[in-house]
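Letters go in sequence order (proteins before strands), and every chain restarts at 1. A quick note: this is a predicted structure, and the numbers were derived from the prediction, not measured.
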Amino acid sequence: MTARLAAPSPSPAGRGRDPCAALGEAKLRLPPAQALLARKAWEGEGKVFPRNLALTLPLCGPLPLPPGAGEGAAPWRRAALALCPLALSACQGIQSALDPAGHQSGRIAGLWWLFLAVLAAIYALVLVLLLIAAFRSRRRRSLPPGPAFRPEEPTERRLTRGLTAWAVGTAAIVLTLTGFSYAVDRDILALGHRAELTIEVTAKQWWWQVKYDDPVPNRSFETANEIRLPVGVPVRVVLKSQDVIHSFWVPNLHGKTDLIPGRVNETVIVADREGRYRGQCAEFCGFQHANMALDVVAMPREQFDAWRESQLAPASAPSDDRSREGQRVFLTSACVMCHTVRGTTAASRVGPDLTHVAARPSLAAGTLPYSKGNLAGWIADPQRIKPGSQMPVVDLSADQLQSVLAYLDGLK
Amino acid sequence: MSPRDASPFIRRDGPALEEVETYARLERTWATPPGLWGWLSSVDHKQVGRRYIVTAFVFFLLAGLLALAMRMQLAGPEQTLLTPDRYNQIFTMHGTTMMFLFAVPVMEAFAIYLVPLMVGTRAIAFPRLNAFSYWVYLAGGVMLWVAFILNVGPDVGWFSYVPLAGPQFSPGKRTDFWAQMITFTEVAALAVAVEIIVTVFKQRAPGMSLNRIPLFVWGQLVTSFMVVFAMPAVMVSSSMLIMDRLIGTHFFNPAEGGDALLWQHLFWFFGHPEVYIIFLPATGFVSSILPTFARRPIFGYTALVLALVATGFLGFGLWVHHMFVTGLPHLGNSFYTAASMAIAVPSGIQIFCWLATLWDGRPRFATPLLFVIGFIVIFVLGGLSGIMLASVPIDSQVHDTYFVVAHFHYVLIGGAVFPLFGAVYYWFPKFTGRMLSERAGAWNFGLFFVGFNLAFFPMHILGLIGMPRRVYSYPAGLGWDDLNLLATAGATILAAGVLVFLGNVWHSLKYGLVADDNPWGAATLEWATTSPPPSFNFVHIPVVTGSNPLWEEPDGLPVVGGLRVDQRELLLTSVVDAEPEVREPSPEPSIWPLLSATAVTILFIGSIFTPWAVVWGSIPLAVGLIGWFWPKSAPDTPEPVID
Amino acid sequence: MSSPCRRSVSLAVLAVLALAACDREEREPRGAPVGESGPQAIAQGSLYAGEPSPPDPRRQEYEGNAYHLAQGKQLYVWFNCNGCHSNGGGDIGPPLMDDTWIYGDSLENIFATIVQGRPNGMPSFRNKIPETQIWEIAAYVRSMSGQTPTAASPGRNDSLNAKPAEQRAPKAEPKQSNPGGPQVEGRQ
Amino acid sequence: MDVTRVCRTGAVFAMTMALLAAAPALAQDTAPTKAVPAPAASPPDDGAWAMPAKNYASTRYSELDEINAGTVRDLQVAFTFSTGVDRGQEAAPLVVGNTMYIVTPYPNRLFALDLTQPGAPVTWTFEPKPAASAQGVACCDFINRGVAFADGRVFMNTLDGQTIAVEAGTGREVWRTKLGDINKGETITMAPLVVKGKVLVGNSGGEFGVRGWLTALDAGTGKIAWKAYNTGPDSDVLIGPDYKPFYDKEKGKDLGVTTWPPNAWEIGGGTVWGWIAYDPELDLIYHGTANPGPWNPEQRPGDNKWTGGIFARNPDTGQARWFYQVVPHDLYDHDAINELILLDMPVNGTMRKTVVRPERNGYIYVLDRATGEVLSADPYAYINSSTGVDLKTGILAMVEAKAPKMGKVVRDICPTAPGSKDWNPSSFSPRTGLLYIPHMNLCMDWQSAEANYIAGTPYVGAEVRMFAGPGGHRGELSAWDPVKRAKAWSVKEDFPLWSGTLSTAGDLVFYGTMEGWFKALDARTGEELWRFKTGSGIIGQPIAYRGPDGREYVAVLSGVGGWAGAVVVGNLDPRDATAAKGFVNAVADLKDKTTKGGTLYVFALPSKR
């Protein structure tokens with residue numbers, strides 16, 4: 001029992017190896033120079049070659065706070081920040097429902113603070129009553145211990161009146177809160193009528209396929225694990241799943257909506273200020289439920305349009321020999337069985353579309369920030385970083401790995 | 001057990017045998033046979049209840065260990081103490097064990113033990129069914145844990161959402177063990193519910209009209225009705241799941257016309273009432289403990305009963321608030337918001353009545369009352385966060401986050417485990433004849449209370465700042481690290497509280513003060529007999545004249561006579577006014593419930609592997625049931641001896 | 001009461017009975033240790049002359065393991081095996097759920113067939129599919145005709161129900177037909 | 001009149017008589033009451049059968065009438081010939097002069113049989129030796145639909161994507177051109193057509209994510225004269241200033257790109273594996289384009305031009321004249337590659353030059369072959385997936401409830417993926433004015449699935465199971481009156497019909513069934529007059545020719561296979577309902593009725609000595 005509860009059982013050689021060991025294995029078969037190269041891929045990013053990748057890599061990194069956080073806030077937000085006594089800094093963040101950056105999350109946060117104020121008052125009242133009851137009784141305890149007594153009629157009557165008032169009060173408060181809840185709900189839903197852009201998000205174990213729709217079919221395109229949207233433009237998000245139930249949740253923008261096989265759900269998000277936000281799957285979906293995140297980047301309209309144009313283009317052709325070799329390796333190894341790079345013969349849809357992978361903020365569904373070094377670690381041993389994920393350990397030599405890295409890193 | 005004088009509260013009335021003789025004869029008739037055979041064939045509700053309680057607490061401890069393991073894993077970001085596979089099994093086992101193997105059984109266990117005593121009868125209705133239910137429960141729990149130890153533990157959450165729990169995404173037999181465990185425990189729970197309902201309706205002591213039933217019994221009665229209506233839903237759904245997995249039906253296959261959401265509807269139609277199935281008995285504990293220690297009859301008896309019944313009804317009308325984010329129609333969601341909010345009203349009424357009782361009482365701050373006060377502090381907070389969850393917009397943010405984890409631990413630990421610990425301290429003298437240490441009890445409460453709040457309060461904030469549930473790991477840099485560490489520290493303190501409790505129990509079993517029949521000066525009938533009670537509960541069936549009989553008849557209760565002493569016989573009374581109606585025989589000890597339970601176990605476990613087990617397994621089961629129900633000829637006693 | 005005693009007894013009994021369960025239910029996403037390069041040679045047996053080679057120790061890891069079989073089933077679809085072999089009934093390629101094994105029925109034979117490809121159409125997936133996954137696919141292929149333990153074989157999928165699931169497939173005793181690979185006009 | 005006796009007197013005289021016989025029919029044409037083959041595309045019958053469709057108008061009609069309702073009872077086997085290949089025999093034998101040319105499925109052997117000798121011994125055999133691995137990328141059995149004869153050469157296609165010219169007299173290879181890449185899934189199974197010195201060839205592989213094309217090779221040298229893709233930019237599709245489609249929906253720049261998701265057209269299908277017709281008068285060739293890939297329509301939003309439609313092109317330059325997309329954004333693998341029969345017939349009282357096409361989607365389309373206007377589209381089989389064609393816009397109205405979905409089985413869609421009728425061609429008899437359509441009566445359940453493109457492997461993305469449609473019979477032969485736009489009669493068959501039909505001036509219709517029966521029906525009533533059980537199921541194209549001895553012969557290849565017969569030739573397992581893309585489920589009992597084969601059967605009346 002205890003052994004099973006403890007760390008992963010010591011595994012035979014080859015299993016459970018860490019990525020540096022994976023690179024190390026590759027090293028063994030290659031001249032040391034190549035191994036050095038593999039190492040440089042990490043260090044080129046200003047990172048220490050990690051002993052234990054999952055532990056040392058700052059998964060979300062020192063992510064910059066979205067610009068504008070905490071400033072120019074709406075009155076309710078100021079109130080919110082003032083009211084957040086427990087961990088002021090904790091309220092802010094790129095994945096916080098209390099740091100709203102969109103219309104809906106703002107309304108919800110407002111509603112939440114209202115509920116909190118009312119309910120906290122009630123709680124305080126109960127605690128005070130409890131204290132007084134105990135305090136009163138402490139005086140009465142000095143009364144000689146004796147058998148139970150029969151309550152007096154006037155007290156009973158007073159208490160009964162109190163009970164009535166209490167019940168009516170509870171009902172009234174609950175009714176009021178329900179009313180506010182309805183109002184906010186309706187307000188949030190109304191946003192859907194103004195949606196200008198439609199994105200189709202398909203959840204897969206354990207990543208997000210994102211498709212930007214367009215009436216002209218060849219102006220639609222696919223990406224993965226990132227959503228970019230123009231600031232202030234409501235975006236309709238169509239939610240589908242092909243395996244198990246997932247839930248789409250970007251707390252800074254809106255509450256969550258499930259993605260359920262056999263059903264099509266919809267939600268609308270809007271970002272009122274620029275910034276990068278983090279979304280995460282919120283319904284348990286198996287091994288890597290914990291590492292199924294996505295980046296949401298809100299940007300000015302012009303930037304968004306430019307990004308969109310760049311995404312529409314097929315992958316850029318490799319420019320140097322190293323990348324050309326990388327493309328060759330990519331197209332003749334296991335990579336091509338699962339991934340798409342538009343403009344090449346790689347067009348499988350098992351894994352994320354990699355046409356512009358190097359232009360994304362993160363890797364492996366928000367698990368690692370994008371960098372060539374992290375990419376190296378991810379390809380070298382994905383099972384170390386996301387045990388159970390569908391990305392297999394591919395037996396590439398260090399040289400091949402370098403080439404593939406050069407190629408992928410050029411896919412901006 | 002040596003014959004002892006009956007409780008001084010019981011007044012002899014009418015000619016019969018000498019007291020000592022009656023006692024000895026009754027003992028001969030009702031006692032469980034000695035030895036292993038007797039132990040296995042016992043149908044005494046107190047023995048079965050004790051077994052239930054001990055077993056449930058063992059599962060509580062095991063599930064608590066799992067919780068600690070999870071907290072260790074989550075103490076910091078990016079920990080690798082547990083693999084995701086192991087973590088998933090652990091949180092599934094924790095939830096499953098706590099909900100199905102601890103919370104519901106332990107509440108029913110108290111009912112099994114206490115309800116017959118509180119209503120003044122000699123045995124529970126259908127005692128063999130009762131024994132059967134325990135064996136089935138035990139087999140189900142052991143099966144699940146053995147499976148877990150063999151790495152076949154379920155790993156899809158205690159809710160087992162399809163399709164993740166379906167045949168495609170949950171290969172092997174892990175989920176099948178979970179689904180069959182449901183069937184096991186629900187069979188047991190349904191059996192107990194039927195027994196409680198019948199015991200309460202037909203076996204109350206003369207004079208215990210509906211308005212004099214102790215609130216604990218009311219709570220158990222409402223709970224039992226909820227069990228009867230809620231449990232079949234989950235049994236049906238778990239059977240559908242196992243059929244999908246084993247014989248390829250398509251209940252939950254959206255491609256072939258099934259529906260993944262059907263599971264959620266069925267599960268939460270059970271799952272939400274389940275919370276009240278756990279909570280209502282706990283309110284019964286509170287309503288029993290409070291008047292005793294406030295030394296004042298409970299305030300607002302009628303209001304409390306109505307609140308119980310209202311909760312019982314409303315509890316079935318809010319399952320959809322677990323599904324607000326599944327994309328159901330908004331109008332429907334709004335209805336469930338209203339229903340979920342509405343349940344605050346009866347809960348508020350209960351809280352007020354308890355506060356009022358305390359307010360107007362002369363409380364003695366013994367450990368049970370401490371736990372009740374802790375209950376009020378914690379449960380009210382959990383209830384209030386529940387009001388937040390009832391709001392669709394707020395729920396859309398906090399659903400499936402640590403906020404919800406915090407909420408339901410506040411409700412379930414605060415609302416059920418605190419009263420349960422209070423109840424253990426309260427009734428321990430009755431169960432064992434010994435008192436628990438008050439000093440250790442205070443420590444127990446203190447550690448428990450502090451540890452609990454440290455562990456779970458930060459989770460509210462964690463949820464609000466984005467931490468989802470059921471994650472085996474989380475990235476650093478999102479502001480979750482410190483709060484998680486705090487929660488882990490709290491969990492450790494909580495565990496220390498449990499250790500103190502265990503030590504207290506162990507110590508007092510060995511060295512504890514011997515308890516009086518009624519050490520707390522309580523008012524209900526279980527205190528009218530010895531501690532622990534004799535196998536037949538009462539030498540004479542008491543007659544009840546008010547809702548606090550021991551307080552209202554300080555000189556001893558009136559009794560009725562006329563039941564046979566040479567055979568197991570019960571007095572049945574009318575449903576509303578509890579007027580004596582008939583004498584009814586009660587079954588003798590029997591090994592057949594155990595054999596039938598074994599047959600059921602073979603059938604259930606077999607059907608994890610092959611559907612044919614249902615066919616072949618029904619043969620031993622039929623043998624078991626035939627043996628159980630084999631008609632017995634009426635004993636030939638021309639002149640029955642009566643008490 | 002003494003239920004702990006009972007528990008430990010039943011636990012011991014069950015532990016012995018269900019030791020296999022540990023292997024069956026293990027979820028090891030890396031699969032078995034990656035060897036040098038699959039089977040050293042084509043496994044001998046009734047298809048190729050010579051003494052049958054001893055079974056590969058990795059065999060058990062994949063064939064009796066529910067997770068690997070489920071992964072194999074997933075990959076069978078993802079890598080388009082079903083494009084040619086349908087759900088086992090065959091199409092461009094031969095059926096896989098029957099008792100006919102043109103290139104051998106052992107796990108090693110199937111592994112070799114996937115890696116090397118076969119004349120008359122079966123492509124080679126050497127370097128295209130990592131070995132772990134080939135083992136998983138090969139094990140799944142055997143489950144189609146009921147060669148793997150029922151308790152580990154996959155159940156139905158959440159999709160169109162083409163045939164009873166592998167766990168209900170009657171075991172078809174392997175028979176070899178048309179042995180001898182490159183038959184110009186034969187079936188691949 | 002006793003044509004039989006006259007015919008026996010000699011070839012020249014017979015030809016005269018045939019012309020005479022045709023004359024009244026031609027005279028009748030001036031009165032707009034009857035359909036006749038496009039005159040320029042259907043020269044008088046010379047007793048030979050030089051292209052699988054018989055003539056450019058694709059009538060598959062023989063003017064020989066020695067075998068007729070009165071004599072057919074005595075029809076008997078004249079000789080047989082085993083091809084030595086037991087896969088599906090879909091080819092039409094050709095007869096030119098004294099030689100019969102037959103081509104087998106992979107390995108695509110070409111035999112020349114000497115008809116002057118008793119028993120028709122082999123004159124020569126040509127072995128093109130195609131790559132064996134091509135078998136792995138042939139979607140539906142490795143068949144070949146026939147060869148073409150022109151200018152003393154036989155032109156053939158091989159499964160591995162080559163076109164070869166063979167000298168007819170000697171069997172010597174003249175040239176061979178490699179056109180397709182099997183590693184991408186490209187094969188060639190169609191019968192080439194020779195028009196104005198150009199060999200027209202298109203590729204197969206719509207289930208493998210290939211990009212479809214039609215190419216013209218110089219018959220003399222094998223050089224590519226032009227190549228028209230069916231997806232991609234206008235310059236690749238050969239859409240230029242001549243392009244004048246009738247409907248607005250076919251107009252626009254680079255529709256072959258803009259009606260696809262980015263880059264999807266590169267693997268978008270639209271192959272040309274079916275039939276081509278040619279009208280010398282308008283100097284246009286007509287060809288269909290096959291299904292878009294993958295089958296799963298959700299992966300390719302848009303109209304997916306230029307798949308699933310009919311092109312009219314200039315044979316010299318390949319430039320498109322018009323296009324009509326029969327199934328925009330095809331939902332069901334409804335390739336538009338069926339036979340195109342060029343008829344001149346009255347439509348609403350005026351004579352129109354039309355092209356008639358019994359389409360896979362269950363409608364008989366009549367298009368103006370000069371402009372591409374749809375003149376009518378009438379259902380000839382049971383349809384529940386669409387409600388009809390709007391003649392103003394040319395748009396086919398689909399039934400939303402029957403549209404395939406990912407993750408959802410849509411049940412009972414009629415017709416199926418192979419359509420109400422697949423490639424197997426109809427014939428048209430000017431004597432009866434009826435079109436004889438061999439077709440199927442199947443329905444299907446369909447679930448779309450995500451298709452992964454892996455070069456050289458199938459790119460389909462659908463789980464399908466088929467079953468018999470309403471009525472329970474799976475095949476049907478319908479005689480259709482294109483002028484009245486109504487069915488004249490029909491005959492039900494147990495198994496789907498996968499063979500072509502032949503009609504003759506003897507007022508007979510010949511066709512074969514998948515059990516192996518070769519049947520002759522009365523062309524006017526549908527009454528069965530004669531049947532013969534061949535060794536294997538028939539999926540080939542029967543022909544009629546005049547032998548060197550002046551007698552009429554009827555020939556057909558017997559040998560079950562193709563998509564419909566895959567269960568037999570592949571020995572597939574019918575327990576899997578999706579085997580062979582679901583077709584096995586519909587013909588699960590075929591293994592009990594027939595086995596593999598590959599034999600030529602030639603029938604004639606007993607010679608009277």
Side-chain angles (χ1 to χ4, degrees), chain A residues 1 5 7-8 54-55 58-61 63 86 90 93 95-98 108 111-112 115 119 123 126 129-130 133 137 140 143 148 151 155 159 163 166-167 170-171 174 178 181-182 184-185 188 244-245 247 251 255-258 260-262 265 280 282-287 289-290 387-388, chain B residues 69 78 80-81 83-84 149 157 161 163-164 169 254 260 295-297 299-300 303 325-327 334 337-338 341 344-345 348-349 352 355-356 358-363 376 380-381 384 387-388 391-394 396-397 399-400 461 464-466 468 470-473 475-479 521 551:
Chain A
M1 244 297 291
L5 288 179
L55 270 176
L59 284 199
C60 258
L63 294 168
L86 289 148
Q95 188 171 334
S96 170
L98 298 182
I108 296 171
L111 183 68
W112 187 80
F115 268 57
L119 299 177
Y123 189 53
V126 171
L129 287 179
L130 182 64
S137 55
R140 287 175 160 223
L143 295 175
T155 324
L159 287 175
L163 174 62
W166 181 269
T170 315
V174 155
T178 309
S181 173
Y182 284 170
V184 171
D185 202 23
I188 289 172
V244 302
I245 300 176
S247 195
K256 52 189 77 65
T257 308
D258 285 354
I260 301 170
N265 277 343
Q280 193 168 359
E283 181 62 81
F284 179 62
C285 55
F287 281 148
H289 168 55
Chain B
E78 305 299 319
T80 51
L81 179 68
T83 63
I149 289 161
Y161 274 9
L164 187 62
F169 297 99
R295 287 179 288 169
R296 176 203 190 282
F299 167 76
V325 300
T326 56
S334 304
T337 294
M341 296 254 189
V345 176
I349 289 173
F352 184 89
L355 283 177
L358 195 63
W359 179 288
D360 192 40
R362 293 175 194 161
I376 292 173
V380 171
L381 183 61
L384 294 175
I387 289 181
M388 293 177 174
S391 157
V392 174
I394 297 180
S396 75
Q397 280 283 18
H399 177 78
D400 269 345
I461 304 165
L464 287 165
I465 60 174
R470 300 158 187 153
V471 290
Y472 78 98
S473 158
L478 289 174
W551 288 348

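Ser391(B) pairs by the side chain to side chain donor-acceptor pair (under 3.5 Å) definition with Ser181(A), not counting sequence neighbours. For Tyr472(B), there are no ring-ring contact (aromatic ring centres under 6.0 Å, His included) partners, not counting sequence neighbours.
Among Val392(B), Leu464(B), Leu381(B), the residue making the largest number of heavy-atom pairs under 4.5 Å with chain A is Leu464(B). Most heavy-atom pairs under 4.5 Å with chain B, from the set Pro251(A), Ala171(A), Gly262(A): that is Pro251(A). Ranked by heavy-atom pairs under 4.5 Å with chain A, the list Ile376(B), Leu384(B), Val345(B) is led by Leu384(B). For the set Ser334(B), Gly348(B), Ala344(B), the entry with the most heavy-atom pairs within less than 4.5 Å of chain A is Ser334(B). Each of Thr257(A), Leu130(A), Val184(A) has some count of heavy-atom pairs under 4.5 Å with chain B, and the biggest count is that of Leu130(A). Your options are Gly286(A), Ser247(A), Ala290(A), Gly388(A), and the one with the most heavy-atom pairs under 4.5 Å with chain B is Ala290(A). Comparing Ile188(A), Asp185(A), Leu163(A) by how many heavy-atom pairs each has under 4.5 Å with chain B, the most go to Leu163(A).
The two residues Met388(B) and Phe115(A) have their closest heavy-atom pair at CA-CD2, 3.8 Å. Listed here is the closest heavy atom pair of Gly466(B) and Gln280(A): O-OE1, 4.3 Å. The two atoms that bring Ile108(A) and Pro393(B) nearest to each other are CG2-O, 3.5 Å, heavy atoms only. Heavy-atom minimum distance, Pro261(A) versus Pro254(B): O-CG, 3.7 Å.
With a 4.5 angstrom heavy-atom cutoff, Thr178(A) touches chain B via backbone and side-chain atoms both. Using a 4.5 Å cut-off between heavy atoms, Tyr182(A) touches chain B through its side chain atoms alone. Contacts of Leu111(A) with chain B are made by both backbone and side-chain atoms, with heavy-atom separations under 4.5 Å. Only the side chain of Ile260(A) comes within contact range of chain B, judged by heavy atoms closer than 4.5 Å. Of the two parts of Pro163(B), the backbone and the side chain both hold a non-hydrogen atom closer than 4.5 Å to a non-hydrogen atom of chain A. Interface residue Asn265(A): only side-chain heavy atoms are found under 4.5 Å from chain B. Only the side chain of Trp166(A) comes within contact range of chain B, with heavy atoms under 4.5 Å apart. Contacts between Ala338(B) and chain A at a heavy-atom distance below 4.5 Å involve backbone atoms as well as side-chain atoms.
From Phe284(A), atom CZ reaches atom CG of Leu164(B) across 5.5 Å, with rounding to the nearest 0.5 Å. Atoms OG1 and CG, on Thr155(A) and Asp360(B) in that order, are 5.0 Å from each other to the nearest 0.5 Å. Separation of atoms CD1 (Ile245(A)) and OH (Tyr161(B)) is listed at 7.0 Å; rounding is to 0.5 Å.
Using a 4.5 Å heavy-atom threshold, the side chains of Phe352(B) and Thr170(A) count as separate.
For the pair Lys256(A) (side chain) and His399(B) (backbone), a donor-acceptor distance under 3.5 Å is present. Within the 3.5 Å criterion, the main-chain N or O of Ala97(A) finds no donor-acceptor partner in the side chain of Gln397(B). In this structure, Glu283(A) contributes its side chain and Asp400(B) its backbone to no donor-acceptor pair below 3.5 Å.
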